[in-house]
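Structure, as structure tokens:
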Amino acid sequence: MAFYIQGVPVGYMAIMLAVLASMGGFIFGYDTGQISDIMLMPDFLLRFGTCTSTTDSSQCHFTDVRAGLIVALLSIGTLIGALIGAKVADAVGRRRAMSSECAIFIIGVIIQITSNHVWAQFAVGRLISGLGIGALSAAVPMYQAETAPPQIRGTLTATYQLFITFGILVAYCISIGTRDINGSGSWRTVVGIGLLWASILGVGILFMPESPRWLGARGRFDEAKISLARARGIPADEADSNWKIHRELSDMRAALEYEGKVKAGWVDCFKPKQKQLYRTFLVMTLQMFQQLTGANYFFYYGATIFVSVGIQDSFVTQIILGAVNFVCTFGGMYVMERYGRRMPLIVGGIWQSAWLFVFAAAGTAKDPTNNPNIGKLMIVSACLFILGYAMTWAPGVWILTGETFPTRTRSMQAALAAGSNWLWNFLLAFFTPFIVKSIKFRYGFVFAACNLTGAVIVYFFLYESSDLSLEDVDAMYCDPTCKPWTSRSWAPEGFTSRADVAEHKKADKGFIGMEEARLERGEENGAVAGADYPSEKASNRNNAARVV
């Protein structure tokens, strides 16, 4: 079954595979959300903290080093997992890779819940779980971008971030439900439920279609054709006779034939040719600044933060933040489709900076523990910051990770980008206790400055990739006449604008004469928009904009 967007069929299977794959984001969000509350649970403190009493948890605390390692070792695992996950996904396929990565996560969870009094065992369990989460963070956006129809690629890829926020919210809710359980059940229940989420993804993804681009790269075009048909809502027995599937498969074959002649390795990610180096460092930088927005400052240490501002029940405050984060991400999915990538990230950076400035200024001007109104202002400003983050930088950067790179190096560049995210995730998680002890709420000023810097980087360096096929995104970056601040007006050869592309798709026209126009351009320039294709194949490649 299918419905139509811009005149092109989109199958319900495309929705299902994007949602199921996004369970990888849910697992990460759940693991992120749980640790903030677990660190305050009495039994967890008594078992793993430094205590002067064996029965009174109020006499226990975590040293900065211990707290940092328990929280941040997950991020070291995710960094390693993201870097090796690309090769695993290329070797065994996107689905099998995700399934095996869920198994690794499950092993880590088992190590955590079997910990008794050795905090290092719990931390190592988080490290191993992180290996699975990191590998999933490289595989999931790539799988979604390669399988989803371009008309809803941004929305479907953004479901990864949506599920991260959903996982955080669910973790907060389960934590508030288990905190009154006597003994280790309070925290073991929260951690152990993670086994369920990994099992759903690990088993369910095997029933989804494999990435057609991965299948095509292995010469399995018959299977790629079926995969495309399922994602487009076209019955498998009609795939052979459907001209759209044939055209899409033909364009894919032409692209892969050329890319097969050019072996790609990690070094290719850092070559200046076709702006490979530019794109690698651009998305790595955006992933870094996604962490430097300060969002995980609230998600990792939120419960502790709100205790310090005088809130009696910090667990409830965490749920409020989690709910704002989750609900507003739905708005983010609309914003990223309606307004593209550049403008939301620029506006979001400015909005987030403003509210972090309010948060830091309020906490610095007066002691929030003695001024309830200051504490309330800080909570409101934190919520408004999360609102902006959830609608812009949270989904936007993951969308760009899936759609900015060319096919032959996409898995490696996506891994490097995800690795940058996890590296800065670790640095912030580990050093935050030390920084907060030194400068307290002035930490918010640092994040405010980082948000403004991120907005400036987006304006001067990021190209607008919405509404384009993955192949045409590549051509746009390679076009020497296109600049980031003018990229919104760039359109594939043969179209006057991106709105013109949409109109042609709605009317099912625009196909006649397109190849001739692109071939003519290719004969003049030797390549389309500076892309790495000979002229004839460049024509085939860019025709993919109509259907891929």
Side-chain donor or acceptor of Thr78 paired with backbone N/O of Ser75 under 3.5 Å: yes
Side chain to side chain contact (heavy atoms under 4.5 Å, CB included) partner of Phe166, chosen from Val170, Ile164, Ile168: Val170
Any Leu169 side-chain heavy atom under 4.5 Å of Asn325 side chain: no
Mutual orientation of the aromatic rings belonging to Phe163 and Phe26 [parallel < 30°, tilted 30-60°, perpendicular > 60°]: perpendicular
Mutual orientation of the aromatic rings belonging to Phe447 and Tyr443 [parallel < 30°, tilted 30-60°, perpendicular > 60°]: tilted
Polar side-chain atom of Thr404 near backbone of Thr401 as donor-acceptor pair, under 3.5 Å: no
Geometric class of the Phe385/Tyr389 ring pair [parallel <30°, tilted 30-60°, perpendicular >60°]: parallel
Test item: Thr392 side-chain N/O and Gly348 main-chain N/O as donor-acceptor pair under 3.5 Å: no
Arg342 with Glu464: basic N within carboxylate O range, under 4.0 Å: no
Sidechain N-carboxylate O distance under 4.0 Å for Arg94, Glu146: yes
Phe426 atom CZ, neighbour heavy-atom count above 12 within 6.0 Å: yes
Thr432 side-chain N/O to Ala429 backbone N/O, donor-acceptor pair under 3.5 Å: no
Check: Gly167 main-chain N/O paired with Tyr172 side-chain donor or acceptor under 3.5 Å: no
Parallel, tilted or perpendicular: ring planes of Trp422 versus Trp398, cut at 30 and 60 degrees: tilted
Lys273/Asp268 salt bridge by N-O under 4.0 Å criterion: no
Under 3.5 Å donor-acceptor, Trp424 side chain and Gln287 backbone: no
Salt bridge Lys275-Asp479, side-chain N to carboxylate O under 4.0 Å: no
Glu210 with Arg220: basic N within carboxylate O range, under 4.0 Å: no
Test item: Tyr278 side-chain N/O and Phe461 main-chain N/O as donor-acceptor pair under 3.5 Å: yes
4.5 Å side-chain heavy-atom contact, Val71 and Phe430: no
